[in-house]
Amino acid sequence: MRAEYLIKRVFYSVLVFFITVGITFAVLRQIPRSYPGLDKSVIAQYFVYIYNVLQGDWGYSQGVPVLGLIWEKLYWSLIILVPAISLSLLIGILVGAHFGWKRGSKMDASVLNVMMFTRAIPPYWWAIMFILIFSFHLDLFPLGGYMSISALDRGISYSDILYHSALPIITLTVYSIPGTYYLMRNSMLLTVGEDYILTARAKGLSEKYVLFKHVLKNAMLPMVTMIPLECAYLIAGNIFIEIIFSWPGIGLLTFDAIAAKDFSLLQGIVLIDALLIIIANFSADLFYSHIDPRIKVGGGNV
Amino acid sequence: MSVLEIIDLKTWFQTQDGLVKAVNSVNLRIEKNERVGLVGETGCGKTVLSFSIIRLLQPTTMIEGKILYKSKDILKLSEREMQKIRGKEIAMILQNPTTALNPVLKVGDQIAEAIWLHQGLKKKEAKEKAVEMLEAVKIPLAEKRANEYPHQFSGGMKERALIAIGLACCTSLIIADEPTRGLDVTTKAQIIKLMKDMTKQRSMLFITHDLEVAAEICDNIAMMYAGELVEYAKTDDVFKNPLHPYTQGIFNSLPNRGLKPIKGMSPSLIDLPSGCRFYQRCDYAREICKNRHPEMVEMENGHFVRCLLYD
């Protein structure tokens, strides 16, 4: 049963990937330019394109292979994205769980308002404000970039990269905490009202036990499905952050590609973003099947 | 000494639409090994009454009066003291078996945690006892079933599992809230028999809207209408000689007694009439019933009724 579920998920992931490839192919074909197999029919061009993509030949951007370029930039993006996503999930879930459990308090209402305010403001405004306050006025962080000039002499050091990445990470984290928080709080509110929580309390279990054993495990379920969506949201939000902080990642690359009308590169970026989101979705599905027993026996009967 | 004595209990709570007076001056006594059926239609306050006893209502709920459990007023206990009573002394079997079990925990563990908590057993021993409980409620292959999740159980089996949770710690008082709700006729009959067998050495408050189910199980029946008790008597007396027009109306609405529904709707618990609460629907209503609220009076040996016809 478990294997069947797995195979299904793999099949859907691959399907989504091919649909994405098809769409990028169709959209970018509308732009007049030259690409491999232009002299053949549309169908043939599509297959040539897919064949090339699977071969790792994603086209060239100013003479440089697109895939190699993207890999290199992706690495820099992940330096910001991974800590930002982990931190925002951790903080968002903890704060959301806490106030979902202690709902209705004055503190709960004020935190909710602060979170809504934070989310309502676009990430680039936060980025500019943070640079203004923490870098310009307080001089705690650099204004942008990914390493100090001194690195030219002494070489790149981890601490220098950390120093440069701190503010972008903080900005992205601040921006993405509210989404997680809001969903977790809501999920808690729904779970606390469930009948099985009453059953648990009627057994005489302590509040702490009810919270950890009965409420949290159920309240976390929707979070797992939400995480890949949040990742997708962050990858998009990251474009602004990277532009403002001059961080040499995928976001900045996207901006440059658009500015230079470099369509092979754009096509490659769209594909890699889609791939990342598909992988995130797939891992969420796997993880979900681990924590929700209703999925395990899965197959057709659930 | 009675196991439970409810004295002049009022449970009110605020909603967006207004103050809901769900339980109004209810007096009820349950003796040792006595099974009392609390019968009334949906929304008459039965469930709120049961949650008042086990104190699992929202903290903002106003509860007045006394609930004496073995002469101790449980409304005065701290939350921690109350936790020692829940599941050990007073257990509750909730309605709606499909939602009352935690979907992500194994059924066996859900029974075992109550045993482990109250009897100080090791987790493994508690699990063994949980399997015994599942056997006691007649679930086949109990050992295998204990390691399954609620969604792998049928509706009837979930209800059995809930009963097993309720009875796991040899509690002295069981509150069962419509345990036969949503079950098909055969399963219902099995559950009724099981409830009857399993509660022989225990006191029980059995909540239902079904008089016939209550008659199967209970020694005494309390009729509840619009937040108050309107009739209380031995089951036989209620069946032979129903006094309150509401009880009579319920009997007349039974399929084998004419299937004649009571006219109208029960009043909203937010806006209760000042006189008799059954006035608008009563065939015997007189002018005096409109403004005078009747008191509970004892007619004959232990048969109480709240109606001005007997005043």
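Every chain is numbered from 1 and lettered A, B, ... according to where its sequence line falls, protein lines coming before strand lines. All of these numbers come straight from a predicted model, not from anything done at the bench.
Rounded to the nearest 0.5 angstrom, B/Tyr149 OH and A/Asp292 CG are separated by 9.5 Å. Atom CG of residue B/Leu101 and atom CD of residue A/Glu194 lie 12.0 Å apart, to the nearest 0.5 angstrom.
Contact of B/Leu162 with chain A is made through the side chain alone, with heavy-atom distances under 4.5 Å. Heavy-atom distances place no part of A/Ile197 under 4.5 Å from chain B, backbone and side chain included. Contacts of B/Ile54 with chain A are made by side-chain atoms alone, with heavy-atom separations under 4.5 Å and no backbone atom involved.
Annotation for B/Pro103 and A/Pro293: closest pair O-CG, 3.4 Å, computed over non-hydrogen atoms. Nearest approach of B/Asn102 to A/Lys213, heavy atoms of both residues: ND2-O, 4.4 Å. Here the shortest heavy-atom pairing between B/Leu56 and A/Arg201 reads CD2-CB, 3.6 Å. Contact detail for A/Leu198 and B/Phe51: the closest heavy-atom pair is CD1-CZ, 3.6 Å. A/Gly204 and B/His118 get closest at one heavy-atom pair: CA-NE2, 4.2 Å.
Within a 6.0 Å radius of NZ in A/Lys217, other residues, nucleotides and ligands contribute more than 12 heavy atoms. Atom CH2 of A/Trp71 sits in a sparse spot, with 12 or fewer heavy atoms from other residues, nucleotides or ligands closer than 6.0 Å. More than 12 heavy atoms of other residues, nucleotides or ligands lie within 6.0 Å of CZ in A/Phe282, so this atom counts as buried by the packing criterion. Heavy-atom contacts from other residues, nucleotides or ligands closer than 6.0 Å to CE of A/Met129 number more than 12. Under a cut-off of 6.0 angstrom, the local environment of CD in B/Glu143 is sparse, with at most 12 non-hydrogen atoms contributed by other residues, nucleotides or ligands. Within a 6.0 Å radius of CE in A/Met116, no more than 12 heavy atoms belonging to other residues, nucleotides or ligands are found.
No other option in B/Cys169, B/Ala100, B/Pro150 has as many heavy-atom pairs under 4.5 Å with chain A as B/Ala100. Ranking B/Ile175, B/Ile93, B/Ile90, B/Leu94 against chain A, the residue ahead of the rest is B/Leu94, based on heavy-atom pairs under 4.5 Å. Ranking B/Asn96, B/Asp109, B/Leu105 against chain A, the residue ahead of the rest is B/Leu105, based on heavy-atom pairs under 4.5 Å.
For the residue pair B/Glu113/A/Tyr209, the side-chain donor-acceptor check at 3.5 Å is satisfied.
Identified by a heavy-atom distance below 4.5 Å to chain A, the contributing residues of residues 73-89 of chain B are B/Gln83, B/Arg86, B/Gly87, in residue-number order.
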